[in-house]
Amino acid sequence: MEVESSLVEHPSVAEAAVVGVPHELKGEVCVAFVTPRGGAKADERLIGHLKDHVVRKIGAMARPDRVIFAADLPKTRSGKIMRRLLRDVATGKVLGDTTTLSDPEVVARIKRKYEED
């Protein structure tokens, strides 16, 4: 939650969700799913700025291993971000139930983007 909070403090970030995923050398790493604020260019430069921002706010151990840009994050109809589904995407698991999402297609879009990066 602290990594998410630091990301959302960045002026180029509208929304963020961070999940922990297993890593063979480090044990576990953070993967950040970020919705850029309107006008922010979602590119490698912004990824570097966001990682540096987290390091300045929290420390090097909190630096996200990956930053994935998404136009929207998977949310329930009441607006709660479904981090469980993001963790499934990041770990390559079969996606769980998506029937409670306000837009079930958002997970498929994020999964494609995750696999491309």
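- Hydrophobic clustering (ILVMFWY, side-chain heavy atoms < 4.5 Å, transitive): V34 and I68 are in distinct clusters.
- Between P64 and A32 the shortest heavy-atom distance is CB-CB, 4.2 Å.
- Taking the charged nitrogens against the carboxylate oxygens, E9 and R56 have no contact shorter than 4.0 Å, which rules out a salt bridge.
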Legend entry - Full working for side-chain contact (heavy atoms from CB on, under 4.5 Å) between V107 and L95: CA-CA 9 Å; V107 180; L95 296 176; 3.3 Å; yes
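- At most 12 non-hydrogen atoms from other residues, nucleotides or ligands lie less than 6.0 angstrom from CD of E44.
- Annotation: side chain of V94 is not in contact with side chain of D88 (no heavy-atom distance under 4.5 Å).
- I47 and V29 fall into different hydrophobic clusters, where Ile, Leu, Val, Met, Phe, Trp and Tyr are joined by side-chain heavy atoms under 4.5 Å apart, directly or via other members.
- Screening H49, K51, K57 for a side-chain contact (heavy atoms from CB on, under 4.5 Å) involving H53 leaves a single residue, K57.
- Taking every heavy atom of both residues into account, S6 and I58 meet most closely at OG-CD1, 3.7 Å.
- Under a 4.0 Å N-O distance rule, the pair R77/D103 does not qualify as a salt bridge.
- A cation-pi geometry, defined here as NZ or CZ lying under 6.0 Å from the six-membered ring centre and within 45° of its normal, holds between R66 and Y114.
- Here L73 contributes atom CG and L101 contributes atom CG; the two are 11.0 Å apart, rounded to the nearest 0.5 Å.
- Among L86, I81, L7, the one residue that satisfies the side-chain contact (heavy atoms from CB on, under 4.5 Å) test with F33 is L86.
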Please list, one pair per line, the donor and acceptor atoms closer than 3.5 Å that link side chains of residues 10-24 to other protein atoms, with sequence neighbours excluded.
unit_1, atom_1, unit_2, atom_2, d
H10, ND1, S12, N, 3.0
E15, OE1, K75, NZ, 3.1
E15, OE2, K75, NZ, 3.1
H23, ND1, L25, N, 3.1
H23, ND1, K26, N, 3.0

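- Between the CZ atom in R87 and the CZ atom in R84 there is a gap of 9.5 Å [rounded to 0.5 Å].
- Atom OG in S102 sits 13.5 Å away from atom NZ in K80 (nearest 0.5 Å).
- By the 4.5 Å heavy-atom criterion applied to side chains, F69 and I110 are not counted as neighbours.
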